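Quick notes on the structure that follows.
All residue numbers refer to positions in the sequence shown, counting from 1. Since the model is a prediction, treat every value here as computed from it, not as a measurement. We count ligands from 1, going down the list as the structure has it; atoms in each ligand are counted the same way.
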Amino acid sequence: MTVHIGAKPGDIAETVLMPGDPYRAKWAAETFLQDAVCVNEVRGMLGFTGTWKGNRVTIHGSGMGMPSLSIYANELIRDYGAQTLIRIGSCGGMQDSVKVRDVIVAMTASSLSTPSSGIFKELNFAPCADWSLLKAAVAAAEAKGTPTHVGGIYSSDVFYDERADLNEQMTRHGILGVEMEAAELYNLAARHGRRALAVLTVSDHLLTGEALPSEDRERSFGDMVEIALEAAFAG
Ligand code: HPA
């Protein structure tokens with residue numbers, strides 16, 4: 001047990017998928033894993049461990065925003081030995097070529113700040129995905145025929161952003177989408193020598209104002225979960 005995770009030693013698999021929403025962790029575990037058991041419910045942050053095609057997997061919520069993700073990812077890495085951590089979540093599209101329902105595989109994650117800014121100080125560290133996971137996720141997405149974009153994303157500190165100019169600069173510099181967690185996941189993976197990736201479904205669009213209708217969400221999010229699982233266990 002850690003401060004925020006009630007799982008026993010050995011309850012957490014080496015491969016962890018991390019949706020922001022704990023109820024999406026429950027849905028994904030019930031939908032995609034065999035023999036899934038709940039291993040954490042401290043503060044309602046649900047985690048489940050089961051198997052996918054015979055491979056042990058944990059699906060554990062991260063909460064919203066980098067400070068929350070940092071708590072869970074730190075404990076999963078340092079106390080439970082997680083080796084491969086894949087964020088599965090939603091993002092807002094930031095390019096005309098990116099459509100609602102498309103998948104984004106995040107090569108890099110730009111930010112204004114992260115919980116690691118304090119240790120990086122004047123350094124602008126470039127958080128980037130693990131290449132083997134990135135390559136395998138793109139191959140899995142192509143095999144499924146899911147419209148997929150690969151490139152940089154923006155991990156914002158705020159959902160209700162009062163600085164429209166920052167989003168404009170991100171769009172201008174080719175950033176594909178905005179979410180709130182990946183940059184710190186990539187920082188932590190780099191620090192601890194683990195593999196990390198973010199696979200995201202575009203749920204809304206900053207340029208068009210379009211949003212994914214609720215009845216479409218499960219199918220679109222399902223593609224993303226399968227891509228993440230295929231990537232985790234490729235090769
Ligand atoms: N901003 C930040 N995070 C998000 C968004 C957004 O527009 N959409 C989904 N996650």
Side-chain angles (χ1 to χ4, degrees), residues 17-28 45 59-73 85-117 127 129 137 141 146-188 196-225 227-228:
L17 268 50
M18 299 189 77
D21 178 355
Y23 286 104
R24 198 168 292 155
K26 184 172 192 286
W27 171 78
M45 190 52 72
I59 306 184
H60 195 291
S62 69
M64 289 179 281
M66 290 185 269
S68 178
L69 174 131
S70 170
I71 290 171
Y72 295 105
L85 299 98
I86 304 181
R87 164 161 160 69
I88 48 174
S90 57
C91 73
M94 298 187 93
Q95 299 292 330
D96 286 325
S97 57
V98 170
K99 309 293 182 205
V100 165
R101 293 185 192 78
D102 289 1
V103 163
I104 293 175
V105 183
M107 193 148 55
T108 62
S110 298
S111 68
L112 204 54
S113 74
T114 72
S116 296
S117 298
T146 308
T148 300
H149 309 262
V150 187
I153 62 160
Y154 171 36
S155 295
S156 176
D157 289 332
V158 286
F159 187 89
Y160 298 105
D161 203 339
E162 302 282 341
R163 286 281 309 273
D165 59 316
L166 293 178
N167 289 337
E168 282 163 20
Q169 288 301 338
M170 289 291 107
T171 296
R172 184 174 169 227
H173 287 83
I175 291 297
L176 299 171
V178 55
E179 51 83 85
M180 298 182 67
E181 292 83 15
E184 183 63 1
L185 181 64
Y186 290 4
N187 285 337
L188 291 170
L197 181 68
V199 181
L200 307 165
T201 301
V202 180
S203 62
D204 52 88
H205 207 291
L206 272 65
L207 304 182
T208 65
E210 197 190 344
L212 197 56
S214 53
E215 62 269 24
D216 281 12
R217 284 182 181 246
E218 277 197 3
R219 192 184 47 77
S220 303
F221 290 143
D223 281 358
M224 166 181 74
V225 179
I227 291 166

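Thr201 and Asp223 are not linked by any side-chain donor-acceptor pair at a separation below 3.5 angstrom, with hydrogens and angles left out of the test.
Among all non-hydrogen protein atoms, the one lying nearest atom 8 (N) of ligand 1 is Asp204 OD2, 3.0 Å. Here the heavy atom of the protein found nearest to atom 10 (N) of ligand 1 is Ser90 O, 3.7 Å. Summary of contacts: the protein heavy atom closest to atom 4 (C) of ligand 1 is Val178 O, 3.5 Å.
Applying the ring pair (Phe, Tyr, Trp, His ring centres under 6.0 Å) rule to Tyr72 yields the partners His60; only residues at least two apart in sequence or on another chain are considered. Ala109 is linked by a side-chain contact (heavy atoms from CB on, under 4.5 Å) to Ile153, Ser155, Ala182, Ala183, Tyr186, counting only residues two or more places apart in sequence or in another chain.
Distances between N or O atoms of Gly92 and those of ligand 1 include at least one value under 3.5 Å.
Taking the charged nitrogens against the carboxylate oxygens, Asp165 and Arg163 do have a contact shorter than 4.0 Å, which makes a salt bridge.
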Legend entry - side chain to side chain contact (heavy atoms under 4.5 Å, CB included) between Glu184 and Asn187, worked out: CA-CA 5 Å; Glu184 183 63 1; Asn187 285 337; 2.9 Å; yes
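Looking at Asp204 and Leu206, their side chains come closer than 4.5 Å, going by heavy atoms from C-beta outward.
The ligand atoms of ligand 1 that sit less than 4.0 angstrom from a heavy atom of Leu206 are 7 (O). The distance from ligand 1 to the heavy atoms of Met180 drops below 4.0 Å at these ligand atoms: 2 (C), 3 (N).
A heavy-atom separation below 4.0 Å is not found between Ser156 and ligand 1.
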